[in-house]
2 protein chains.
Amino acid sequence: MSETRATQLENALREAGVRVTRQRAALLRIIAASEDHPDAAELHARAERAGAGVSLATVYRTLTTLQAQGVIEKLEFQDQPARWEAADQHHHDHMIDVETGAVVEFTSDRIERLQAEIAAEMGYEIVHHRLELYVRRAR
Amino acid sequence: MSETRATQLENALREAGVRVTRQRAALLRIIAASEDHPDAAELHARAERAGAGVSLATVYRTLTTLQAQGVIEKLEFQDQPARWEAADQHHHDHMIDVETGAVVEFTSDRIERLQAEIAAEMGYEIVHHRLELYVRRAR
DNA sequence: TTGCGTGCAAATTTTTTGCAAGCAC
DNA sequence: GTGCTTGCAAAAAATTTGCACGCAA
């Protein structure tokens with residue numbers, strides 16, 4: 001029983017009571033296959049190219065739905081339209097090269113721990129967080 | 001020679017070749033006096049209340065100008081219009097209570113150091129960063 | 001006096017929504 | 001068959017911009 005990731009997700013969605021329409025299946029596959037972090041317009045274009053007719057309004061609605069299901073995550077980099085990525089196994093943060101726009105993913109358990117500590121000290125618990133490093137190649 | 005913070009800033013702006021108009025002076029004072037993190041519409045409203053006629057377009061243009069001068073900073077919290085704060089002496093990050101919307105400022109040298117380390121490891125240097133903790137009161 | 005800054009209204013950009021028709025289950 | 005989804009076009013929300021006039025230096 002080897003299923004593609006996208007197929008697994010479709011089943012999970014159905015179980016959660018979310019209808020798997022042609023449009024949702026198409027976007028799910030496109031996002032799962034994306035190595036980068038496309039925005040709504042780009043996903044719309046990719047769906048178009050893939051021969052899947054999906055209106056831009058549906059792209060937006062689907063992204064909201066998939067996010068609510070925890071299947072994808074929304075990224076909001078500085079002064080840019082929102083971008084999206086598959087909610088992968090492991091959480092990670094992003095480093096954005098301000099010169100090229102390249103996005104690199106990274107993780108740091110130590111930073112995560114420190115964040116939790118700081119929140120706790122002030123009487124809070126973290127729901128989620130956002131960490132972005134805007135960087136430049138070191139000379 | 002005791003000048004208000006706003007007056008100091010006005011002089012600095014003039015020296016940088018930026019004209020200090022009635023509108024800019026008004027916004028500068030309003031932001032310097034703000035304890036919170038108002039967005040453009042709110043600043044427009046406060047200017048109105050203060051009796052300073054400043055059009056919304058000018059609020060936006062002024063914010064861009066002051067940011068370019070390093071006098072104020074732009075905050076972009078999740079799914080919200082941009083907010084602004086005076087670029088104070090010490091850098092800090094933000095913690096947002098997802099239930100009340102309250103914003104708490106905090107700093108952590110250890111996190112800052114770790115960020116620099118991580119970037120360095122990947123051959124980058126940090127230009128600036130953004131760290132937001134979305135939190136909830138611990139029970 | 002000079003040209004940068006402002007107001008106003010119109011335009012852009014990104015995202016959301018109402019409504020009638022379509023399709024997943 | 002039922003009602004959640006979709007497409008389309010219009011609307012909303014946030015921000016930007018063209019242009020003629022005003023004012024800081």
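For the numbers below, each heavy atom of this structure counts, side chains included, while hydrogens, waters and symmetry mates do not. Order of the sequence lines sets the chain letters (A, B, ...), proteins ahead of strands, with each chain counted from 1.
The shortest distance between the side-chain N/O atoms of A:Arg14 and the OP1/OP2 oxygens of C:dA24 is not below 4.0 Å. For A:Tyr60, no side-chain nitrogen or oxygen approaches OP1 or OP2 of C:dT16 to under 4.0 Å. In this structure, A:Arg22 does not reach the C:dC23 phosphate: none of its side-chain N or O atoms is under 4.0 Å from OP1 or OP2. Side-chain nitrogen and oxygen atoms of A:Thr58 include at least one within less than 4.0 Å of the OP1 or OP2 phosphate oxygen of D:dG7. Regarding contacts with the backbone of D:dC4, every side-chain N or O of A:Thr21 stays at 4.0 angstrom or more from both OP1 and OP2.
Note on A:Ala82: only backbone sugar-phosphate atoms sit closer than 4.0 angstrom, heavy atoms only; bases stay farther off. Contact annotation for A:Arg61: base contact, defined as any heavy-atom pair under 4.0 Å involving a base atom.
Between B:His90 and B:His92, the gap from one ring centroid to the other reaches at least 6.0 Å. For B:His94 and A:His129, the ring centers are positioned 6.0 Å apart or more.
For the pair B:Gln80 CD and D:dA13 C1', the computed distance is 14 Å after rounding to whole Å. Atom pair A:Lys74:NZ and C:dT14:P shows a separation of 13 Å (rounding to whole Å applied). Rounded to a whole Å, the CZ atom of A:Arg24 is 11 Å from the P atom of D:dG7. Following rounding to the nearest Å, B:Gln67 (CD) and D:dT15 (P) show an atom-to-atom distance of 12 Å. Remark: P of D:dC8 and CD of A:Gln23 are 11 Å apart, rounded to the nearest angstrom. Rounded to whole angstrom, the span from the CG atom of A:Leu13 across to the P atom of C:dC25 amounts to 10 Å. Put simply, CG on A:Leu27 is 13 Å from C1' on D:dT5, counting in whole angstrom units. Spacing between atom CG of A:Leu56 and atom C1' of D:dA10 amounts to 14 Å, rounded to whole angstrom units.
Position along DNA chain D of the nearest nucleotide to B:Ala40 versus A:Thr65 favours A:Thr65 as the more 5'-ward residue. Each of A:Val59 and B:Pro81 was assigned the nucleotide of DNA chain D with the nearest heavy atom; the assignment lying further toward the 5' end belongs to A:Val59.
Distances were taken from every side-chain heavy atom of B:Val20 (C-beta onward) to each of D:dT17, C:dG7, D:dA25; the shortest belongs to D:dA25.
Distance check: B:Leu66 CG to B:Ile31 CD1 gives 6.0 Å after rounding to the nearest 0.5 Å.
Residues B:Asp88 and B:Arg5 are not paired through a salt bridge, judged by the lack of any N-O separation under 4.0 Å between the basic side chain and the carboxylate.
Not a single donor-acceptor pair, N or O on each side, falls under 3.5 Å between the base of C:dC25 and the side chain of A:Arg19.
Atom CZ of B:Arg110 has 12 or fewer heavy atoms from other residues, nucleotides or ligands within 6.0 Å.
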